[in-house]
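This report refers to the structure that appears directly beneath it.
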Protein chains: 2
Amino acid sequence: MEFPNTGDFLAGRLRDKLGHDDQAYIESLISETREAESGEVLVSRGTIANSSTILISGYVFRTIESGNRRFIVGIHVPGDFIDLHAFALKRLDHNIVASGPVTLGIAPHQRLRTALEEKPRIARALWFATLLDAAIHRKWIQMLEQLDAPRRIAHIYCELHRRLELIGQANNRSLRTPFTQIDLADMCGVSAIHANRAVGKLRELELAEIRRGDLYTSNWDALREYAQFDGAYLYSDGPLRFDQDWL
Amino acid sequence: MEFPNTGDFLAGRLRDKLGHDDQAYIESLISETREAESGEVLVSRGTIANSSTILISGYVFRTIESGNRRFIVGIHVPGDFIDLHAFALKRLDHNIVASGPVTLGIAPHQRLRTALEEKPRIARALWFATLLDAAIHRKWIQMLEQLDAPRRIAHIYCELHRRLELIGQANNRSLRTPFTQIDLADMCGVSAIHANRAVGKLRELELAEIRRGDLYTSNWDALREYAQFDGAYLYSDGPLRFDQDWL
DNA sequence: CGGTGAAGCTAACATGCATCAATAGACTGG
DNA sequence: CCAGTCTATTGATGCATGTTAGCTTCACCG
C-alpha cells in the first residue's frame, strides 16, 4: 500500500509500542486512503460506520455543537486513530472535522475485528491508544480549570509540539497549523475577541508569535514554563509498560 | 463472595451490557473488599499496582495537584472500575481519592489477565467502560468551555443523578453526596467563594437547594434544562451496540 | 456544656472575560 | 482590478469571577 507524501505515517502514537512487524500489520488494515478538505466533517455525530479512520497527515478536531456555538474538545495529529469509538460504540457523541487539508486511512471494521482476534498485541496497543486519549482529555480538563486564556493557548501548542516530536514532525522554532483564532477560542472556551487578546499577550511577553495558526518561538522552555506544561501525561518515556505477562 | 451493605453492586456501568453469567464472572475477579475513609488516597500518581479496583459504594475523585491547588478531573460512582489504567499503563498520571467513606473491590491483575484471555465479552465490556470514561471527560471539557459556574454545578449533579439512575440508586427528590463547596470549586475550576455564590444562585432561582453536598430539588427537568444537560453521551439507551459479529 | 475546627456565608474591591461596534488586512472569485 | 467575505485587531462597557478579610453555623468532642 502506498501513502503519498506521508512517509512512515505509523511512526505515530504507537511508535515504540510495537515492533516493525506489528506496525506493518496495522498499516495492512488500511484498505484505502482518502483526501479531505478543510472544514469537512469526517464523522458525524450519530452516524453508524463500518470502518474506522486513521489520520495520516494534517490535523482534525473533535467538536461538539451546542446552542449555535461549536466547542473543540480534542485535537489529533498524524498517526492517531480518530474514531476507534465508532468500532466499539458504533455511534459517536460528537463530530470529527478536518482542520486544514488532511489525508486519511480507512480501516474496515472487519479487518480490525480479525486483527483483534489474531494479534493480542494489536488489541493491547489500541487499548493503550484509548487510555492515552482519556489522559489527554483529563489534562485538558485541568488546563481549563486552572489556566487563563493566554496560558491555555500556550499549553495547547506545547502539547501539540510534544506530540509532533513523538512522531518526528516537530520543528525547533515553529509549529505550523491551519488554526484560526476562532478555532483557538473554541478550544479554550473563550470568545474569539479574547483569543485575539490572549495571542497578543503571548506576543507582548515575547514568549511566542502566533500568525494565522503558525506559532514561532525562540524559547520553547520559557513557553512551557509559562503554560505550566509537563508532558508526563503523554506516557512517552520509553516503551509501553504493559505487564509483559499479559497476553 | 459477600458484599456487605451493597447488594448487587455490579448493576453498575456494565448493566445491560453483560448477561448475568458474565456479571457473576466479573464479581469473581474480586479477591477481597476493603473499606476506606474520606480523603484517603486510594491510588497515588506514579505508583505501580498489581491489582485494579472497582468501586462498590461511595464516591471517588480523580484529582491532579498543581501549584498547591487540587483539581478534580473526574468522579466515579459505584460499579465503576477506577484504575483500569493501572492495568494497562501500570503507573497513573493522577491521584484517586475517596470522597466520603467508600467500599472497594480488589481485582488482582492476574485474574483480569485470565479473564481477558478467556472471555472476549469481558474484554469488550472493559474497553467499552474505558471509552465511556473518555466520553464523560469530553463532556466535562465542553461543560467547562461553555457554562458558567452555577450551570457547571447543576450539570455535575444532573450527570451524577443519571449515572446513579443507571445503577438503580437515584432518588426522585434528592441526591446525597459528601461533597464540600471546596470540592465543587475544584470540579468547576472556580474559587471556593465563587462556588458558594453559584450554590446560592441555584437556591435563589429555586432550581435546587444544596446543603453539605446533598442536593434537593422538586424539579429535575428544570434543573437539567438550566444546565443544558443531555445525557446522550452516557450511551445508556439500551444494550451495548457492539457489532454483534465482533468476537 | 462549652471549646474547637471545618465548612459555609457575606462584603468590597480587583481582574478576566463577554459583548458590541467598528475597522483593517488578507484571500477569493468575478 | 474590484467586491465580498473571512480573519485579525482595537476600544468601551458590563458581567463573571478572583482575592482578601471577617464572620457565622454546625458537628464533634473534651
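- Remark on DNA chain C: of its neighbouring residues B:Arg197 and B:Ile182, the 5'-side contact belongs to B:Ile182, judged by nearest-heavy-atom nucleotide.
- Side-chain N or O atoms of A:Thr217 include none that pairs as donor or acceptor with a backbone N or O of A:Ala208 at under 3.5 Å.
- Contacts of B:Arg151 with the nucleic acid, taken as non-hydrogen atoms under 4.0 Å apart, are absent.
- Geometric assessment of B:Arg151 against the ring of B:Tyr226 yields a positive cation-pi assignment under the 6.0 Å and 45° thresholds.
- Looking at B:Arg211 and B:Asp214, no side-chain N of the basic residue comes within less than 4.0 Å of a carboxylate O on the acidic one, giving no salt bridge.
- Proximity of A:Thr63 to A:Asp186: side-chain heavy atoms (C-beta onward) are nowhere separated by under 4.5 Å.
- Residues from residues 188-196 of chain A with heavy atoms under 4.0 angstrom of DNA chain C, sorted by number: A:Gly189, A:Val190, A:Ser191, A:Ile193, A:His194.
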For this session: Tell me, with the steps shown, if A:His94 and A:Arg45 meet side chain to side chain donor-acceptor pair (under 3.5 Å).
Result: CA-CA 5 Å; A:His94 58 281; A:Arg45 172 188 151 99; over 6 Å; no
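- Over its length, the helix from C:dC1-D:dG30 to C:dG30-D:dC1 turns its helix axis by 30°, as judged from the five terminal pairs at each end, rounded to 10°.
- Not counting sequence neighbours, the partners of A:Val199 by the side chain to side chain contact (heavy atoms under 4.5 Å, CB included) test are A:Ile153, A:Gln181, A:Leu184, A:Arg203, A:Ile210.
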Please walk me through it: do A:Arg34 and A:Thr103 pass side chain to side chain donor-acceptor pair (under 3.5 Å)? CA-CA 6 Å; A:Arg34 174 188 153 214; A:Thr103 310; over 6 Å; no
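- In this structure, the side chains of B:Ser52 and B:Asp83 come closer than 4.5 Å at one or more pairs of heavy atoms.
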Using the salt bridge (charged side-chain N to carboxylate O under 4.0 Å, His left out) rule, take A:Arg224 and A:Asp230 through it: C-alpha gap first, then chi angles, then the decisive distance, then the call. CA-CA 8 Å; A:Arg224 278 189 280 261; A:Asp230 171 0; over 6 Å; no
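- Nucleotides of DNA chain C with any atom under 4.0 Å from a heavy atom of chain A span, from 5' to 3', C:dC17 to C:dC20.
- Residues B:Arg138 and A:Arg62 meet the side-chain proximity criterion, which asks for heavy atoms closer than 4.5 Å.
- Chain A approaches DNA chain D within less than 4.0 angstrom (heavy atoms of the protein), and the contacting nucleotides run 5' to 3' from D:dT7 to D:dA12.
- Residues that satisfy the side chain to side chain contact (heavy atoms under 4.5 Å, CB included) test with B:Ser174, not counting sequence neighbours, are B:Asn171, B:Arg176, B:Tyr216.
- Salt-bridge check for B:Lys139 with A:Asp93: failed, with every basic side-chain N at 4.0 Å or more from each acidic carboxylate O.
- Across all strands, B:Arg211 comes closer than 4.0 Å to no nucleic acid atom at all (heavy-atom distances).
- Annotation: B:Phe61 is in aromatic contact with B:Phe179 [ring centroid separation under 6.0 Å].
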